[in-house]
Structure formats: C-alpha cells, structure tokens
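Just so you know, these numbers come straight off a predicted model, no measurement behind them. Convention: sequence-line order gives letters A, B, ...; per-chain numbering from 1.
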Amino acid sequence: MAACRNPSGTTEILESRGHGNAGEADLINQLGAKVKAVDPDVIENHNLHGFDLPFLVRRARILGVQLTLGRAGLPALRVRAARRGSASTPDGRRVRFVAPGRELIDTLDAVLRYDFATRELPNHRLKTVARHLGIAGPDREYIKGAQIYEVYRRDPERVRRYATADVQEVAGVARMLGGAAFALAQMAPRRYERVADAGAATGIIDPLLVRAYLRSGTALPAHQPGDGTPHSGAALHLFAAGVARRVVKADVASLYPSLMRSYRIGPARDHLGAMLTLVDRLVELRLAAKASARQSAPESAERYGYEAVSAAMKLVVNSAYGYLAAGGLTRFADVQAANEVTRRGRETLELVCGELASRGVTLLEADTDGVYFAVPDHWTEPDERRVVAEVAALLPLLVQLEFEGRYSAMLSHEPKNYALLGYDGALLLRGVAFRSSRAEPFGQAFLRYAVARLLAGDVPGVREAYVTTLDRLRGRHFAAREVASCVRLSKTWAQYLQVRDSRRELPYEALLAAGRKSWSVGDRILVYRRKSGAAGLIEDSEDAVAGIDSAKERDYDIDHYARLLRQTFAVRLACAFSPADFEVVFADPDQMSLFMPSVATIQTVLGKKPPTQTVDC
DNA sequence: GGTGACCGGGG
DNA sequence: GTGTACGGTCACC
C-alpha cells in the first residue's frame, strides 16, 4: 500500500490487487504509472532517501520490475554519493537517489536543519515533529511500525487512515520547514534537492563564490591544502560558580559574520572579495525580507515566503565562518582568516565583560558571543538595559550587543552547564550536567526538583527532595524503570564474548540474563542494577512475552542507586554551598548526628573563579 | 582531551 | 578518472 498526495492536495491510496509477489510487482507498476500521470516536479516524504526509495529500489530489483519515477525518456533512478541516505555499498558509503527531471526532497533534512537552530525536538520522527509544529490532527490514527501488517489484515481501513494522515503531515512539515531550501534554490546555482540536503558551506556558499568568479571572468584560485596552522576557537569563561540572583544575559547577534563584515576578514585567496560581498548582500537581503515579513498579513503565503528567505539567509551567513574554518576542504578555506575572526570574537567578548564589570555587575559566565551577569539588588530592568546599551555603544557599528533576557536566579555550575529560573517561574536546565539522555529518571526528577527549590531560595526544600528520594529508593517505591538507564549497544554478541572475561558490562549481562542472545548494534535498551549486582533488563511491555512485566519489578540495588543519587545528581548542587553546608543538606537521614546544624539557616554561595580561564573549543 | 565511528529515520 | 559527500554524540584510546 502507498499513500500519495497530489499537487492539488488530494490524497490517494494505492493498493495491490493481487497476492504475494505478483501483487507487489503490480503495486510498483501502479506507482510508476501514477507518477507519470501526475508528472510532479517534486516528490517529497519523510526519510524518503533513507527508507522509501531504497526499499522500493530493492523490491523492484528482486521482483524484476522497472521502477519508473523519472521524467519521460529518463525513467531509471540514478544514485549520487551522499553523507546521509541509503547505505548501499559494502564499504558503508552512502548514496541518494536521483529521478531525472524531478526533485526528490526528504523532509527529514529540513527537520534536522530546523532542530539544529532550535534544539526543541525530542526526536525527528514525523509524528513527533507534526505534533510539535501543531499540524497533527486531533484524531490522527497511530499504529506502531511493527504492527502495521497485522492491523492491515484485520482492519485495512485503519491503515488507510494512518497512511493518509502521514502524507498530510509530510505536506504540513514541508510547508512549514521547507521554505528556506526552496528560497535558496532560487539563488544558488544548484538544483533544489542538492540545496535541501547539502551543508550550507559546500552546498551553497562555494557554488555562489564560483559563480561570482565565472561571471567576472576571473580565474578561480587553485585548491590549497591546509598548512597545518592550528585552528583557535572561541572564548569560554567561568567567572563564578554557585547561585546568583537578578541575572541578565546579553549577546552579540550573528557575532562571526558581523566581525567578518566589520573588520573585512575574508579568505586571502579570494582576490575578488566575493565572500565579503556575498555576506554583505545576504545580510541586506535578510533585513529586507524580515521587514517585508513584518508588513505582510500573518499566516499569509507572502509572509511565509519572506520568513523562509530570512531563515535561508541567516543559515548561509552563519555558515560563512564555518566555510573559512573548514581547513583545506573547500576552495576558499582559510584557517588564518578563521583564526582572525575568533580572535576578534574573543577580543569583543573580553571588552564586553570588562566594560560590564566596571559598571558594577557580577560576571557569571561567558561563551563565544554572550555573557551572563548578576546585577545589584536595587537595579531595575531599565538599569539592566541601560548598561547593556552603554557597552553596546562601545562596539563597532555592525557588531550589535543585545539584551537577550533576564532571570530571577541562576545556578552556575560549569561553562555551558547551568540552570536558570525565569521571573515567570519557568526552569531551564542547560548542559550535559543537568540533562543527559542516559540519566536515570528518578535522578533526573530529583535534580530538576532540587534545582527548582534551590533557585527559589528554599534550602530546606532541597534537603526534603533528597530525603524523600532516598526514602522512596529504600522503600522500593520506584519501579525498576525509574532507576534504569537507557544505553546504546555498541558490541555484537561475539564481540562482547571476547572481552567478557576481563570486564563484565551491565547492558550485555542484562540481555544474557533475560535470555536474549541476538540484538543489533545501535539498539537502545533500558538496564538497571539488581540486588546482588546482577543486571536487569526492562522489556518493552508491548513486546514482553512472559507473564512477568519487568517494568513493574522493584528488585534494584538500593545502595547502588543511593550512591548514584549523591555522587551523580546531588553533586551538581555542590557549588551552591560551602563544603560543610553541603554535608548538612545532603546528610543521610539514617546517619545524622544529634549535633547537625539546622538546614533552615543555610545560605547559598556564589564562589568567584580566577579570571583567566580561556578554553579553545 | 582528542579522534573516529556511527546514528538519525522508515514499517 | 577525479572529486564530492551533515552535524552531533558517544565510545574508546
């Protein structure tokens, strides 16, 4: 079965009329005939190049039928090398398919590009993205992948609804996220499908530069391998660790392209100065598109178009620096120029920090293009905005320091690792120290709650969170699932057997204990440590065959998880207290001395760090 | 701490 | 025949 959405917006379902191979061959022929009849310029789907096309090609080959998706006279699918797509060759190189005369657009590419900027999506599955973007219907049909065949045999109408909802969601995702690539395709001398999946540097900037040279009749510089100059990175400072109140974030908008424009930093081999001309032009286009978007009606096609252009320009402008730094890989790469950009960046950040500090704020942390600082108690928001504006006025015209946000409190832990409490009560956790895919749910929940209490100024609440979590562990109130860790399997059964004698690994021991001897490298499983050090596996309750639902087991190793609570989770709050106070807040209630001071009087601290901690990254 | 391998996503 | 081919995370050295 296949669902197709025509350019007119109607959805059609193709289904095989025969049985077995004959029916499947018939379906592939129907698909070819349908594509020929509708004759679309663009064929799009989610993971089109990673699943649908390689699947169809494989089945067509096995069944000995022609899969005709290309335009008249050029029916055969071709392949091109790609970094993502279908892994067809034994050496692991990947390819994407090309249907001559049509554009094969994968909405997954647009989703990856979108999430690169926003970092909001828990994963990139079609259903998740559709829900996130608000385009999933309220009564949308869901069926698990593994159950589709069985449901189809029982209730084909349900699968038809499911497939129809899928293609409608793909159309919605393409409409909302595909605009940038479509806008760029009208500007860059590359076909749409290449612009949609290429990186901005090699896929867009490079061809634009080449076109500029061709148009001016100037010879292109030869490729030059990098001369081994090491690439220096951005500045990263931790000024203070602990709890700060009245926190402000200021940052420079598009720092690197602004520095390139302001100080005229471009590739040395670019004698035409095409890169800087391009960046100047794209920034102007972006500003014009943003202004036009503001003037057009909300939700109008016009507005989406302008916003797409603006997003596309931002993407390309921001990759100009990446192009410079891509040592030796691209025609105009220039590590020295890239280093000059980062040097100016560090200089700018240092100037901003110094000027802010001299105006009476307490610096907390600074990273690349932005700085968090705390202001004195009596300052108002206009005071905060005024110092940022004063410092902004000291920077070059094109380098714009902006007031980015204000927060009631911050837990500054390490560079790139902190928690923020908004004035609206919203809690934001940043960095691997506070959110990790492998964190045990009970620990993650404790950490989130404890940080919220800490930033609210409620130290007894932090202690209570710790004691409650310990109690619930010791009373086995948590289900095994809540103490389990999600791990990715990186070894095969045979590979693990080779190292098993020297070092036992919990995930594989859990699989063995559960009687599972076959798995795929890359599979993710939930494992936990059981009493007596044995390994426990949480079976997906839908797949569990035996009558025991392991998710409801509670036979975990209490001491192990109590240690984990303290040594992995509670320590994230250590910088907020003096060492002695930390011991009091996180004292084991079973081992409390009678002379323990009360937590009610404990104050959080903010410890200053030595001022020169520049890290290259 | 740096480097290389591998994942994503689909049914 | 030659060049091209995403960005992030995690394991492992």
Side-chain angles (χ1 to χ4, degrees), chain A residues 1-3 45-59 79-89 91-96 98 106-117 119 121-130 142-152 159 162-163 166-167 169-170 173 181 190 193-204 206-207 210 222-223 225 230-231 233 315 318-319 322-323 325-326 328-331 431-432 435-438 485-492 495-496 499 503 505 507 520-524 615-617:
Chain A
M1 176 155 112
N45 197 18
H46 202 65
N47 204 19
L48 178 71
H49 286 279
F51 177 71
D52 305 78
L53 291 173
F55 176 78
L56 285 169
V57 166
R58 198 170 67 241
R59 295 310 298 168
V79 293
R80 63 185 164 96
R83 290 284 295 277
R84 267 175 311 125
S86 127
S88 70
T89 55
D91 58 349
R93 278 188 301 187
R94 284 168 177 270
V95 296
R96 283 185 172 226
V98 179
D106 195 332
T107 46
L108 176 60
D109 294 318
V111 168
L112 292 172
R113 205 173 259 185
Y114 167 80
D115 196 40
F116 174 64
R119 313 275 172 137
L121 295 170
N123 62 58
H124 304 128
R125 292 196 252 273
L126 177 63
K127 281 77 173 169
T128 311
V129 177
Y142 291 104
I143 309 173
K144 282 202 162 195
Q147 294 168 351
I148 285 181
Y149 180 64
E150 193 260 322
V151 173
Y152 182 67
V159 179
Y162 168 81
D166 259 20
V167 293
E169 284 183 0
V170 169
V173 171
R190 276 281 192 279
E193 68 179 20
R194 293 276 293 112
V195 171
D197 68 42
T202 50
I204 294 150
D206 195 66
V210 170
H223 271 94
H231 176 230
L315 182 88
N318 286 334
S319 63
Y323 184 101
L329 293 174
T330 46
R331 195 183 311 272
V432 285
R435 44 192 302 180
S436 154
S437 62
R438 278 190 294 184
S485 176
C486 181
V487 296
R488 216 189 114 243
L489 301 173
S490 59
K491 297 185 180 78
T492 62
Q495 285 168 330
Y496 179 58
V499 298
R503 194 160 59 105
E505 295 180 33
S520 309
V521 169
D523 283 356
R524 286 191 164 83
V615 183
D616 282 352
C617 59

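- Per the geometry, OH belonging to Y114(A) stands 21 Å off P belonging to dG8(B), to the nearest Å.
- The NE2 atom of H49(A) sits 14 Å away from the P atom of dC6(C) (whole-angstrom rounding).
- Among the atoms of the strands shown, none is found under 4.0 Å from any heavy atom of A146(A).
- Atoms CG (N123(A)) and P (dC7(B)) sit 17 Å apart, rounded to a whole Å.
- Between the CZ atom of R96(A) and the C1' atom of dG8(B) there is a distance of 11 Å, rounded to whole Å.
- Taking only side-chain atoms of L112(A), from C-beta outward, the nucleotide of dG8(B), dG9(B), dA5(C) with the closest atom is dG8(B).
- Look at CZ on R113(A): it is 16 Å from C1' on dG8(B), rounded to the nearest Å.
- Atom CG in D197(A) sits about 11 Å away from atom P in dA5(C), given to the nearest Å.
- For F51(A), the ring-ring contact (aromatic ring centres under 6.0 Å, His included) partners are F55(A), not counting sequence neighbours.
- Within 4.0 Å of D206(A), counting heavy atoms only, lies no atom of the nucleic acid at all.
- When the P atom of dC6(C) is taken as reference, atom CD1 of I204(A) falls 11 Å away, rounded to whole Å.
- Here dG10(B) presents its C1' atom at 8 Å from NZ of K127(A), a figure rounded to the nearest Å.
- For the OP1/OP2 pair of dG11(B) and a distance below 4.0 Å, the side-chain nitrogens and oxygens of Y162(A) include at least one atom meeting the criterion.
- For D106(A), there are no side-chain hydrogen bond (donor to acceptor under 3.5 Å, both in side chains) partners at least two apart in sequence or on another chain.
- Nucleic acid contact for I143(A): none, since no nucleic acid atom lies under 4.0 Å from a heavy atom of the residue.
- In this structure, H46(A) does not reach the dG9(B) phosphate: none of its side-chain N or O atoms is under 4.0 Å from OP1 or OP2.
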